[in-house]
Every structure is written in structure tokens, then in C-alpha cells.
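Here the structure comes first, spelled out in C-alpha cells, and everything after it is commentary.
Just so you know, these numbers come straight off a predicted model, no measurement behind them. To find a chain, count down the sequence lines: A is the first, B the second, and so on, and within it residues start at 1.
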Amino acid sequence: MKYGRVVKWLGVLILLLSMPWRLGWSGEQLGFPEKEELTFGFIKLTDMAPIAIAYEKGYFEDEGLYVTVEAQANWKVLLDGVIDGRLDGAHMLAGQPLAATIGFGTEAHIITPFSMDLNGNGITVSNEIWKQMKANIPKRKDGKPVHPIKADALKPVVEKYKSEGKPFNMGMVFPVSTHNYELRYWLAAGGLHPGFYAPKKGDISGQIDADVLLSVTPPPQMPATLEAGTIYGYCVGEPWNQQAVFKGIGVPVITDYEIWKDNPEKVFGITAEFAEKYPNTTIRIVRALIRAAIWLDENNNANRPEAVKILSQSNYVGADYEVIANSMTGTFEYEKGDKRAVPDFNVFFRYHATYPFYSDAVWYLTQMRRWGQIPEHKTDDWYHQVANKVYRPDIYSKAAQSLIDEGLASKKDFPDFATEDGFKPPQSEFIDGIVFDGTKPNAYIEKFPIGLKAKQSL
Amino acid sequence: MNTLLQISDMGMVFPTPKGAFVALEHVNLTIQQGEFVSLIGHSGCGKSTVLNVVAGLYQATSGGVILNGKEVQQPGPDRAVVFQNHSLLPWLTAYENVELAVKQVFSKTGEHSKTKTEMKEWIEHNLKLVHMDHAMHKRPNEISGGMKQRVGIARALSMQPDILLMDEPFGALDALTRAHMQDSLMEIQQELNNTVIMITHDVDEAVLLSDRIVMMTNGPAATIGSILDVPLARPRDRLALSRDAEYNHLRSDVLKFLYEKQRKVENLNAPVNKCDQGENANHAA
Amino acid sequence: MDRQVSLALMQDDELLPKWVDTVKRWGVLFLSTVAGPVVGIMAFLLMWSVAAQNIQTSLGQFPGPSDVWTQVKNLQAEHIAERQKADAFYQRQEERNQARLQVDPDYKPKIRAYTGKETFLDQIFTSLKTVMSGFIVAALIAIPLGIAIGLSRGLYQSVNPIIQVFKPVSPLAWLPIVTMVVSAVYVTPEPLVSKSYLVSMFTVTLCCLWPMVVNTAVGVASIDEDLVNVSKVLRLPALKHVQKIVLPASIPMIFTGMRLSLGVAWMVLIAAEMLAQNPGLGKFVWDEFQNGSSDSLGRIMAAILTIGLIGFLLDRGMLQLQRWLSWDKSSAER
Ligand SMILES: Nc1ncnc2c1ncn2[C@@H]1O[C@H](COP(=O)(O)OP(=O)(O)O)[C@@H](O)[C@H]1O
Ligand SMILES: [Mg+2]
């Protein structure tokens with residue numbers, strides 16, 4: 001935890017230095033928002049729920065914020081919207097603020113003061129691929145496949161396609177999406193190479209040396225693209241895995257909960273400039289989102305059916321109630337009829353889900369390095385500095401503390417802000433059992449059999 | 001009588017994709033105040049060109065036109081034109097068509113200005129003159145061809161021009177209507193005694209209406225072949241004249257000119273040397 | 001006619017055929033103006049519902065006429081519900097402003113527009129507004145430009161190649177550039193209208209521009225030579241020449257261009273809204289497609305019918321305007 005401590009002191013130092021512009025410590029009255037009319041973007045996925053709930057439950061209005069919530073066509077449009085100011089903030093892929101800040105893709109300083117959820121994604125393959133995979137999966141006594149299903153089962157299928165000269169295509173939603181890294185993690189854990197990026201050579205297709213060719217498709221179009229046969233499978237957030245089951249066009253084989261238990265997923269992204277210009281607004285946004293997250297997980301997910309109803313409105317996710325409910329209410333349907341309990345498939349607040357941990361940022365950066373999106377070796381310090389620049393627990397803490405002070409949240413549900421250093425203890429619940437310690441990113445990168453080594457460049 | 005208009009040594013060369021085309025050469029004509037002159041000749045010989053130069057719509061390439069002692073440079077309401085195809089503005093009523101001209105000519109301050117009511121009276125007066133007062137507020141597409149031509153004449157007359165230029169004004173009308181129009185025109189002439197140049201290729205019309213008939217040779221390089229005086233007494237009556245020996249004599253003179261001296265022979269290869277001449281004339285001008 | 005009928009009833013053999021004839025004539029008129037279209041529409045609905053029953057999509061059965069009608073009613077109900085939510089929103093805002101004034105007397109209360117979702121009706125209105133404003137902007141540019149080009153041979157020759165090259169370009173190809181330029185140029189802290197509205201509007205403008213310029217120019221250039229000569233003889237000043245001769249003479253062609261471009265503009269706008277996710281009917285269709293709910297196809301069909309109906313009404317409207325403004329009634333038929 002040595003690095004963690006260093007980072008923490010660094011953070012405190014920065015905070016002290018920037019005191020004049022930033023809001024005072026807790027206890028001081030939170031001021032009125034500087035900017036009251038806001039537009040937030042989202043992609044039609046169930047994990048945008050905190051935004052919808054904060055709107056529908058009036059949490060934004062309670063903060064004096066008048067928010068318009070707008071669906072975006074794809075992740076790129078959404079990110080550009082935040083960068084060029086058309087959007088004040090958005091539901092983002094965790095990788096997006098990091099990639100933008102380090103300049104992979106459009107360069108801009110985006111920060112995240114709030115993590116939106118844990119888990120919530122799945123990998124789905126077409127019926128045709130499932131038929132072939134199924135032969136390689138051990139069965140339980142009741143005849144159903146043993147979970148988690150590893151990519152080992154997919155490997156012979158991919159090899160068959162390769163030997164027949166057919167490219168094996170799969171879809172993910174964005175180059176720096178959680179889905180890209182999760183799909184890659186799962187494939188690589190099963191011995192399938194998902195391909196390298198080489199931005200220095202101008203290759204951003206991410207298909208160098210690939211066994212499986214990954215390409216970008218916006219989430220809501222995944223089922224249609226699978227149905228059209230353009231891709232054989234995809235990794236996407238809900239409800240687009242359950243949609244495949246309902247439409248009878250594909251079978252989800254694994255959830256990201258099984259790939260990495262309680263993995264951080266979406267974040268709420270704003271520009272650093274916005275946070276600096278409108279500090280009260282920023283804190284108030286986070287307050288509203290925290291309250292929405294609390295509501296979503298309250299009383300053991302008791303509010304989920306109501307949340308599903310809201311999400312199924314055409315201006316939010318818009319899919320049928322049953323489709324969204326399938327994953328939001330504690331279950332997940334794999335093969336048609338194979339519905340299993342996954343109570344933590346969507347976590348919005350429990351397990352400190354909304355706290356922006358530096359270690360989460362570091363994990364995404366390690367994956368960017370692993371697959372070549374970060375083309376060159378970086379020091380452990382660099383990883384921590386980027387995390388520090390993008391993830392802003394300082395803002396989160398102020399918002400949470402003020403909620404606690406007002407009795408709108410209880411202290412026990414949050415990390416102890418006085419001692420929390422932003423690094424989760426080493427995590428081992430990955431599908432391949434490799435342990436992640438956010439304080440030692442380079443050592444972590446070295447552990448993967450498939451992927452660039454710490455000092456390797458393409 | 002004094003000279004109103006003088007055309008002196010007028011020549012016209014048109015540039016065409018195939019080279020310069022000499023349409024007119026050495027056209028000389030003097031017209032007295034109050035004279036009615038008709039231009040007759042085969043189609044395509046250059047009658048309209050002469051008229052257009054007088055109107056100022058074309059610029060002669062050599063020679064020129066002097067009206068009232070001043071050289072004609074551009075079109076103007078002192079040389080009102082009645083076109084073959086009436087050329088009324090289809091979106092305006094008969095009244096409004098005349099009004100457009102009257103307003104343009106008489107609304108300027110000066111000796112010729114008219115007040116609003118004077119203008120209205122003047123417009124109605126001119127329409128009455130051509131017997132169109134009953135259909136003043138009809139649009140061109142609601143009246144017959146003859147009526148349109150009447151309105152066209154009314155519009156030209158309303159400008160109080162020094163000279164009235166008419167390019168086959170009745171060419172597109174049926175014989176009966178044409179006769180009516182000719183009678184009307186004679187009636188108006190009796191009253192106003194305008195100076196008129198009228199193009200026609202109708203021999204009877206020419207003899208009936210004119211004081212002089214200017215007969216043109218065939219083009220290219222057309223010019224005036226001969227001029228025939230028509231000393232018939234006015235007012236003229238078409239029925240009486242048809243039995244009149246002099247009338248018939250004049251008529252056959254014109255016919256002879258057209259169908260013996262200037263028989264139209266279609267020449268497919270335009271004479272090249274004429275074109276060269278035209279080019280030279282062009283440079284000279 | 002009454003007399004004829006009563007006479008006929010008096011069994012006047014002579015008049016009977018006449019009476020029958022009248023009935024026949026009315027019958028034919030009825031058949032051609034009312035019965036014809038009704039039969040056509042009925043047949044279409046029948047074929048549609050039969051076909052719908054036989055098409056299975058992954059979103060369920062293809063919606064038939066009755067499903068679409070249900071969705072139309074749903075959309076209307078949603079609209080009403082949303083309006084009620086809006087009213088509540090304004091009331092809450094009022095109260096909140098009051099409460100803030102208590103603690104913060106310097107605060108200048110402000111009423112913000114409703115932030116909720118745009119209903120189908122709102123989207124229709126947005127699209128209409130966009131297409132009309134884009135169209136008017138195009139007309140304001142294209143008609144004077146077309147007149148200038150039509151009047152001046154030199155200008156025609158210098159502008160013509162540009163027009164010929166740009167005319168066949170789909171305005172959708174311009175969309176990214178329009179988007180970027182609007183974003184770059186239109187920067188105000190308190191925007192009067194949204195960027196996306198401007199982007200859609202300019203796309204429509206670009207789309208309308210060329211047909212209008214070309215038709216106006218052709219209309220102006222092909223004015224009867226005699227009419228131009230009339231103007232010359234009268235020595236009409238340039239402006240009066242345009243006003244009294246050129247404009248009225250080219251009105252039929254200008255309208256032809258306007259109708260043509262409005263028709264294309266409406267189609268392009270829908271596509272542009274789909275592509276750029278700009279508010280309007282196109283976005284509605286795309287959102288519903290993305291939602292992939294079991295109602296989506298029915299809602300999309302409702303939108304398609306609406307788009308068609310509006311396109312038809314726009315064309316009729318232009319025709320009516322042309323009838324009203326143009327002297328040449330024959331050019332405004334069909
Ligand atoms: N603008 C022009 N350019 C070229 N040639 C012309 C032009 N106007 C007339 N011409 C030619 O000049 C000749 C005389 O024409 P025109 O005066 O119209 O004959 P008319 O009126 O006697 O029938 C014709 O051969 C015609 O083709
Ligand atoms: Mg002629």
C-alpha cells in the first residue's frame with residue numbers, strides 16, 4: 001500500500017494547493033449551483049439507470065438542477081458531445097475519460113467523480129456458434145452446462161473457422177469500452193488471441209495477430225448485427241444480451257460478473273473544465289446520482305421493478321419490460337429457459353460501487369497497455385498519476401459527506417473518507433485467477449500469458 | 001410635312017457560329033410626320049431587323065437612325081412597338097397592361113406628367129379607342145387573339161409615341177378578324193394621324209393601309225428594292241377599293257415585285273463572299 | 001333538378017331517361033372521387049394486414065393496421081401524460097424558485113423550459129418547423145440568386161459549373177461538415193436555438209437550394225423575348241423590371257423548383273435526423289428501432305404513415321400557395 005499512501009498524500013497536497021478555487025471542507029454550507037440547466041447524454045443500456053432515476057425521482061430538481069436527458073447514437077458521438085460542450089455530462093465507459101485524458105482517440109481532459117455501477121455486461125454468441133460450443137462444455141447433473149463457461153469451449157470452434165479460411169468476427173461497443181477489455185480478457189483466458197492495437201503505426205483496428213476479429217457496433221444495434229450474420233457474438237451491456245434470448249437469435253454464455261467479480265463498469269464523465277467552472281453544480285450532480293444509486297439498491301433491490309418500468313420508457317432504454325427485468329431483478333437468462341440467479345448482476349450502490357477508486361482506473365490502463373492501445377512502457381507512477389488526474393474521489397467525498405450531514409445517506413454505506421486511499425485490496429476473483437493489485441500495474445501486466453509484456457512495444 | 005425619321009445607309013451584320021451574317025446593307029429611308037409606311041418582303045429578308053433597329057432594340061453595325069434630329073441609341077417609349085405576338089404580360093389585365101406603360105411614361109414629373117385620375121381616364125380612353133372598354137379587366141388568356149392585339153395597340157398608343165412600330169401586328173389572326181383590325185386601325189389613324197411603320201407580308205393590307213409601300217429585296221444583304229406611293233384618297237373603303245382600278249394596279253405592282261423580281265429561291269449554301277464583306281463592314285463600323 | 005325528379009315521378013316517359021342520366025352522372029362522380037380512393041385504401045389495408053400476419057420478425061409479428069392504430073392511440077396518450085408531467089414540472093419549479101428567494105433574495109427567478117421527453121407530437125412539430133425554416137432560408141437565398149443568374153449571362157457562366165457539381169450531391173454527405181461548422185461557428189453562452197436544430201435546418205437549406213436556384217434561373221432565362229422587349233421599350237428601371245416582369249413571369253418555374261425541393265427536403269430531413277440523432281420524426285424512428293421493444297415496429301409504422309401524410313400535405317400546401325400566388329393556373333394543376 002506504499003504507492004497508495006504516496007498518491008493519497010499527493011492528493012491531499014493538490015487539494016490544499018487548490019483550496020482557493022475549490023469548495024471548502026464539509027461543514028461549510030454547499031452553495032447554489034452555478035449552472036442550473038444541464039444536458040446529460042446516455043447510451044440505451046440499463047446501467048444508465050442512476051441518471052434516469054435521479055431525473056424521475058426529482059433528485060436533480062432537489063439540487064436545483066434542470067436536467068435534460070438525451071440518448072446518444074453511439075459512444076463516440078457521446079464523448080464528442082461532452083468534449084464540445086453539447087452535453088454537460090454523460091454516462092460513459094470507464095475507459096473513455098482515461099483514454100481521452102491520455103490522448104488515445106480524441107484528446108481532452110475528462111474526469112469522473114462518480115462510478116455508475118458494477119458488472120452488468122454479458123457475452124452472447126449466435127445460436128449456430130452455441131450449438132458448436134455446447135459440445136465442449138461439461139454438463140451438470142440436470143443436463144445444464146456448468147458455469148462459468150470459459151473461452152476454451154469456443155477455441156475449437158474458432159480454430160475450425162480459421163482452418164476453413166473464415167474470419168471469426170465478434171462485436172464490442174467501443175475500442176476503450178469495458179466490453180472490449182472483458183471480451184478480450186475472456187478470450188485470452190481461453191487461449192484465443194483478440195489482437196493488438198498499434199496506434200504508433202496507425203493501426204487502430206486492434207486486429208494484429210488476432211484469432212478473433214473484434215469490431216465496433218453500437219449497443220442497441222448488437223442484436224440486429226448478430227441476426228444479420230455480420231458477427232458471431234458480442235459483448236455488450238444489458239438489455240442487449242437478454243434481447244438476444246427473447247428474440248431467439250443468440251445465447252449469452254457468460255456475464256462479466258463471472259469474468260471479474262464486481263468489476264467497475266460505467267462512470268459519469270464531465271470535463272475537468274466543467275468541474276472547475278461549476279464546482280457547486282458538480283457536487284450537486286454527484287449528490288443526485290448517489291441518491292439515485294442508493295434508491296436503486298435499497299431494501300435488497302426492492303425498487304428494481306419500478307426502475308425497470310422507468311427504463312422501459314421509450315426515451316430511456318425503451319426495450320420491453322420483461323427484457324430489462326430479466327437482468328435487473330436479480331436473475332439472468334442464459335440459454336432459453338436456463339434462468340439463473342445472479343443477484344449482483346447489476347450493482348449500483350452496494351460494495352462502494354459509486355466511489356471512484358484509483359485502482360479501477362489503473363486496471364483499465366493496464367488493459368490498454370496489455371493490448372497496445374498504450375503503445376509504450378509506462379512507469380507505475382505514470383499509471384497512478386493518470387488515475388489521480390481522472391478519478392476524483394475528492395469531489396465524491398464532498399458530495400457524500402454533505403448527504404450524510406443532511407441525513408440523506410448513512411455513513412456506514414461509504415468508505416471512511418479520512419483513511420480511504422482509493423486503492424482496493426488486491427483482487428483475485430478473475431476467471432483466470434490472476435491477482436490484480438492496483439498499486440503495481442507493471443507487475444500485473446507481466447502476469448498475462450497473452451498480451452504485451454510491460455516493456456514490449458509493437 | 002417635315003421629316004420625322006431618317007434611316008441612312010443602315011447595315012446589319014449578325015455574328016453567328018458559322019461566321020458573320022450580313023442581314024442588311026445600305027438601307028436608306030426617310031419618313032415624314034404623319035406618314036403610314038409599310039415594309040413588305042419575303043419572310044427572313046430583314047424587315048424585323050429594320051424595325052428593331054428603329055426601335056433601338058438592335059444596334060445597326062453601320063449607318064444609323066435619326067428620329068426628330070436625334071440619333072437612336074436605345075429603346076424608348078417615343079417609339080412604341082406592337083409585336084406580332086401581342087406580348088401582353090399574361091398576369092396583368094388589359095387595363096393593367098396599359099397602366100404599366102402609362103405609369104412609366106406619365107408619372108415622371110415634367111410637362112408630360114399626369115395625375116392619378118388623368119392616368120385612369122387616359123388608360124380607359126385608349127382602351128375605348130381600340131374597342132376594348134368592355135373587357136378592360138380581363139386577363140390576356142381570357143380574351144381572343146384579336147382582342148389581345150387591340151390591347152397591344154392600345155398600350156402602344158397610350159405612350160403617345162412619335163412613331164408607332166408594328167411588326168406583323170395582324171399576322172397571327174384569321175382573315176375576318178384581320179379585316180376588322182385593319183378597319184379599326186384606319187379609324188384610329190383618321191383620328192390621331194400617327195406616324196406608323198408597319199411590317200406585313202399581306203399585299204392587300206399594305207395597299208389598303210399605307211401611304212407608301214417599301215419593298216425589300218431578299219436577303220442576305222437585303223436592302224430596299226423599291227418604294228411605291230399609294231395615292232389613294234382617305235378614308236378608304238375596302239369594298240369600294242376592290243373594284244378600283246388604281247388599287248388593283250398598285251396591288252399588282254407589289255405582287256410583281258415580290259413574285260417576279262424577288263422570287264424567293266432557297267439557296268442552301270449561303271454565299272461566303274458576302275460574309276467576308278460583312279466582316280469588313282463590321283471592322284469599318 | 002327537383003322539378004325534374006318530381007316530373008319523373010309523374011311517370012313522364014320523356015323525362016325519365018334524363019333523370020336516370022343525372023343519377024348516373026352523380027354516380028360516376030361519386031365513384032371517381034369518393035368510392036375509388038376508398039376502395040383503394042380498403043384493398044391496401046386488407047393486403048397489409050394479410051401480409052403482416054405472414055411476416056415474423058425477431059421483434060414479433062409485423063404490425064398490421066390495427067396494431068398501428070393502437071400505437072397511434074398510445075402515442076397520443078403518452079403525449080397527454082407528458083403534458084401533465086410538464087405542468088407539474090412548472091409548478092414545482094415555481095415553488096422552488098419561491099423557496100430560494102426566501103434564502104437568497106438576490107436570486108433572479110427564471111422559468112426553464114420543460115426538460116422531459118419529446119413526444120411524438122413534439123417530434124412532428126420539430127420536423128415541420130425545421131423543414132419550413134430551412135426551406136424559407138433556402139428560398140431567401142435561392143430566388144434572388146436564381147434571378148441574378150437568369151438575368152446575367154456572365155454570372156450564369158461563372159456559377160453554373162459550381163451548381164452542376166453541387167446539385168447531385170446528397171445533402172446527407174454535407175451533414176458531417178454542416179455539423180462541424182455549426183459547432184465551430186455557433187458559439188453563444190445562451191443559445192437561442194439548439195445546434196442540432198441549426199444543423200438539420202442547414203441540411204434542409206442545402207438540399208432545397210440547388211433545385212430552387214436552377215429552376216428560378218431557367219425560369220428567368222426563358223422569359224419570352226417580347227416581354228423583355230416591352231420592358232426595354234418602356235425603359236423600366238432594373239428593379240422595376242425584376243418586380244414587374246421577371247418575377248411574375250418566372251413564378252411558375254420558381255414554384256416548380258420550390259415544390260420539388262420541399263418534397264426532397266422532407267425526405268432528406270427525416271434521413272438527416274436519423275443519422276445525426278437530431279430531434280424530429282427521423283430520430284423518433286431511429287430511437288424506436290434501437291429500443292427494439294415489441295411495440296417498436298408498430299410505432300415506426302405509425303411514424304412512416306405520418307411522414308407520408310405530412311409530405312403529401314406539404315405538397316398540397318405548396319400547390320395551394322402556387323394557385324393563390326401564380327397567374328398561370330395551368331402550371332398549378334396535378
Ligand atoms: N439576332 C440574330 N442573330 C442572327 N441572325 C439573325 C438575328 N435576327 C435575325 N437574324 C437573321 O437575319 C435575317 C433577317 O431576319 P428578320 O429581320 O427577322 O426577317 P423578317 O422579319 O423579314 O422575316 C434572317 O435570316 C435571320 O435569320
Ligand atoms: Mg419578322
Side-chain angles (χ1 to χ4, degrees), chain B residues 48 51-59 72-93 96-108 138-142 148-149 151-152 155-169 172, chain C residues 143 146-147 150-154 156-157 215-216 218-258 318-334:
Chain B
S48 295
L51 201 79
N52 282 333
V53 172
V54 174
L57 294 167
Y58 285 176
Q59 285 283 244
V72 167
Q73 302 276 11
Q74 53 164 336
D78 53 343
R79 280 151 288 134
V81 184
V82 177
F83 299 91
Q84 182 170 359
N85 293 315
H86 70 81
S87 62
L88 298 178
L89 307 183
W91 50 91
L92 298 182
T93 62
E96 290 165 337
N97 264 287
V98 180
E99 186 184 32
L100 181 70
V102 170
K103 271 194 171 162
Q104 187 59 23
V105 176
F106 296 106
S107 65
K108 290 174 193 113
K138 292 210 160 134
R139 295 239 173 112
N141 62 351
E142 295 165 324
K148 281 182 234 181
Q149 213 48 274
V151 178
R155 177 173 63 186
L157 291 173
S158 75
M159 300 178 210
Q160 275 190 329
D162 293 338
I163 187 165
L164 194 61
L165 308 174
M166 306 210 262
D167 191 347
E168 298 187 37
Chain C
I143 293 175
I147 289 175
L151 286 177
S152 151
R153 179 147 283 278
Y156 171 81
Q157 274 163 352
N215 275 279
T216 306
V218 168
V220 169
S222 58
I223 295 178
D224 189 349
E225 190 64 29
D226 279 355
L227 298 189
V228 177
N229 283 340
V230 167
S231 168
K232 281 185 185 159
V233 168
L234 287 174
R235 290 208 188 138
L236 290 183
L239 220 73
K240 214 160 184 180
H241 172 63
V242 169
Q243 180 202 346
K244 295 277 179 187
I245 313 273
V246 173
L247 211 55
S250 37
I251 277 259
M253 276 301 270
I254 292 177
F255 264 96
T256 307
M258 292 210 286
M318 279 307 285
L319 205 63
Q320 213 49 49
L321 194 67
Q322 180 173 6
R323 286 222 180 96
W324 185 54
L325 278 179
S326 175
W327 50 274
D328 188 4
K329 305 299 171 203
S330 66
S331 72
E333 265 151 30
R334 195 180 66 84

Q.
Would you say that B/Pro90 contacts C/Leu227 through its side chain, given a criterion of any heavy-atom pair below 4.5 Å between the two side chains?
A. yes
Q | Contacts of C/Met258 that satisfy side chain to side chain contact (heavy atoms under 4.5 Å, CB included) - sequence neighbours left out | A | C/Phe135, C/Ile143, C/Met212, C/Ile254, C/Phe255, C/Met318
Q) Heavy-atom distance under 4.5 Å to chain B: side chain of C/Leu236, backbone, both or neither? A) both
Please tabulate, one pair per line, the N or O donor-acceptor pairs under 3.5 Å between chain C and chain B.
unit_1	atom_1	unit_2	atom_2	d
C/Arg235	O	B/Gln104	NE2	3.2
C/Arg235	NE	B/Pro75	O	2.7
C/Arg235	NH2	B/Pro75	O	3.3
C/Lys244	O	B/Trp91	NE1	3.3

Q) So which part of B/Ala55 gets closer than 4.5 Å to some heavy atom of chain C, the side chain, the backbone, both or neither? A) neither
Q.
So for B/Leu88, is it side chain, backbone, both, or neither that comes closer than 4.5 Å to the heavy atoms of chain C?
A. backbone
Q: Please identify each residue that fulfils side chain to side chain contact (heavy atoms under 4.5 Å, CB included) with B/Ala156, with sequence neighbours left out.
A: B/Ala80, B/Val82, B/Leu164
**Q.** Which of B/Ala101, B/Gly76, B/Pro77 touches chain C most, by non-hydrogen pairs under 4.5 Å
**A.** B/Gly76
Q: With rounding to the nearest 0.5 Å, note down the distance linking CG in B/Leu100 to CG in C/Leu234.
A: 5.5 Å
